[in-house]
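Bear in mind that the values here come from a model prediction, so they are computed numbers and not experimental data. Chain letters run A, B, ... following the sequence lines, proteins first and then strands; every chain starts at 1.
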2 protein chains.
Amino acid sequence: MSDNYHHGNLRKALIDAGIRIINESGEANLSLRKAAAICKVSHSAPYAHFKDKNELIEAIKATVTEQFMEELSAAVNASSDAESALVNMGRHYVAFFVRRPDYFRFMFGSLNITAHIRLDKNYENDYPPFTLLKETYLEYLAEKHLDKSVEEKETELLRLWASAHGLASIACMSGVETSFEWEDRIFSDLLLR
Amino acid sequence: MSDNYHHGNLRKALIDAGIRIINESGEANLSLRKAAAICKVSHSAPYAHFKDKNELIEAIKATVTEQFMEELSAAVNASSDAESALVNMGRHYVAFFVRRPDYFRFMFGSLNITAHIRLDKNYENDYPPFTLLKETYLEYLAEKHLDKSVEEKETELLRLWASAHGLASIACMSGVETSFEWEDRIFSDLLLR
DNA sequence: ACTATCATCTTTACACTGTCAAGATGCTGA
DNA sequence: TCAGCATCTTGACAGTGTAAAGATGATAGT
């Protein structure tokens, strides 16, 4: 696949245009024709690079996942030990999407709900990130010389993932405000057992 | 809003048609015109009941949320004490959506990922449900005479919600198979501290 | 009983979408 | 030079959301 022809690199340009559209006006406004227009190319040009609208969407998701992985890896690498790496990963798993809720809505969908966790007032009321989590968790076990059954390990791993993912989801689509402070408490509580 | 006119109750019929379409061919195939056709009504008739396609979607979401609440409430009511009610609620929070992944994809979005938690093999690799959770959790605290700070309670509550929601999300969109056994372990582990 | 009102529904129209088929364009290798 | 091919354009089509204008029939006030 030559990268240089009439346009230069239309494939990448279309992905970037798609991301721009999503960030500026949400996934609902993403269309092949608009992405093509941004690239100053006819409305059928994308079909030389993507079989489908869906293939463009998948390519965009892959790109966002790469950006996500960069932030997660950086968080892990900046940590002194595996335990703090796990907590940092959780922080950034949530923070990455909280910073751009439209990314989460695009990656994992959309639904706006309102809920309050505050109890002191009366309100009504083949996925690389997982691979990284798994590796970091195994390092953590080795570091602490913890002896757990396979079942225990699997359960704990799934629980860590579900917590991070659920927290990100809730933070993006609900009125719940999260903070690093909370995330720290949640993820370190999950490990201290 | 009279319930009886030409059609009978077009509003409800459109919601039901929408749910049917989603269950049969996914959200992508949901269109106002198809829903109208199922109800044997012209393509513009829906506009007498919904301002928008989006308003129909919101109405469908509200209906699904009601069904969801019925299952959660039943789970809570069938439990002997608040602790088992919490675990049961978690089980059904996940099970409701695992039974119909298209519902979850519709309610909270879509992305298919593949991941494996098994460690013994070498794979590559103003929301009513929350209100119910909150009430059940407070009952649990009272029942056990647990003395926790407000912060601790808030953290634990958020952690419970995030775990259930994240587990449901992961179960619906990834290759991870979940089971009541696992959910039990996860939710009871979360409480036993 | 007559009529005005109003919610409900139909018809028509338009811009926008994804996708396909046919053709143009220009690089690349034989 | 020329054939082949990836790339891109043009034109067409069905399906979509939505607006405007009109038909229909229940209901309420007189």
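Judged by atom type and distance alone, A:Ser31 does not reach the base of C:dC16 through any side-chain donor-acceptor pair under 3.5 Å. The base of D:dT7 lies outside donor-acceptor range of the side chain of A:Arg11, with no N or O pair under 3.5 Å. Checked by distance alone, B:His43 brings no side-chain donor or acceptor within 3.5 Å of a matching partner on the base of C:dT11.
Dashed line: the shortest gap from a side-chain N or O of B:Tyr47 to OP1 or OP2 of C:dC9 is not under 4.0 Å. The phosphate of C:dC16 (OP1 or OP2) has no side-chain N or O of A:Lys34 nearer than 4.0 angstrom. The side chain of B:His49 places an N or O atom within less than 4.0 Å of a non-bridging phosphate oxygen (OP1 or OP2) of C:dC9.
Checking C:dT19, D:dC8, D:dT18 against the side-chain heavy atoms of A:Val41 singles out D:dC8 as nearest. Listed nucleotides D:dT10, D:dT16, D:dT7 differ in distance to B:Arg33; the shortest reach to its side chain belongs to D:dT16.
The CG-P distance, from B:Leu32 to D:dA19, rounds to 11 Å in whole Å. For the pair A:Leu10 CG and D:dT9 C1', the interatomic distance rounds to 13 Å; values are reported in whole Å. What separates NZ of A:Lys40 from P of D:dC8 is a distance of 16 Å, to the nearest Å. Atom NZ of A:Lys12 and atom C1' of D:dT7 are 19 Å apart (whole Å). Rounded to an integer number of Å, the gap from CZ of A:Phe50 to P of D:dT7 is 11 Å. If you take CG of B:Asn29 and C1' of C:dG18, they are 13 Å apart, rounded to a whole angstrom. Between the P atom of C:dG18 and the NZ atom of A:Lys53 lies a distance of 5 Å, rounded to the nearest Å. The nearest whole Å value for the distance from the CG atom in A:Leu14 to the C1' atom in C:dG18 is 15 Å.
Under the 4.5 Å side-chain heavy-atom criterion for grouping Ile, Leu, Val, Met, Phe, Trp and Tyr, B:Leu167 is not connected to B:Phe180 through any hydrophobic cluster.
For the pair A:Lys144 (side chain) and A:Glu83 (backbone), a donor-acceptor distance under 3.5 Å is absent. Remark: side-chain polar atoms of B:Arg100 are paired, donor with acceptor, to backbone N or O of B:Phe96 under 3.5 angstrom. A distance-only check finds no donor-acceptor pair linking the side chain of B:Glu139 to the backbone of B:Ala82 [under 3.5 Å].
Taking the ring centroids of A:His165 and A:Phe97, they lie at or beyond the 6.0 Å cut-off.
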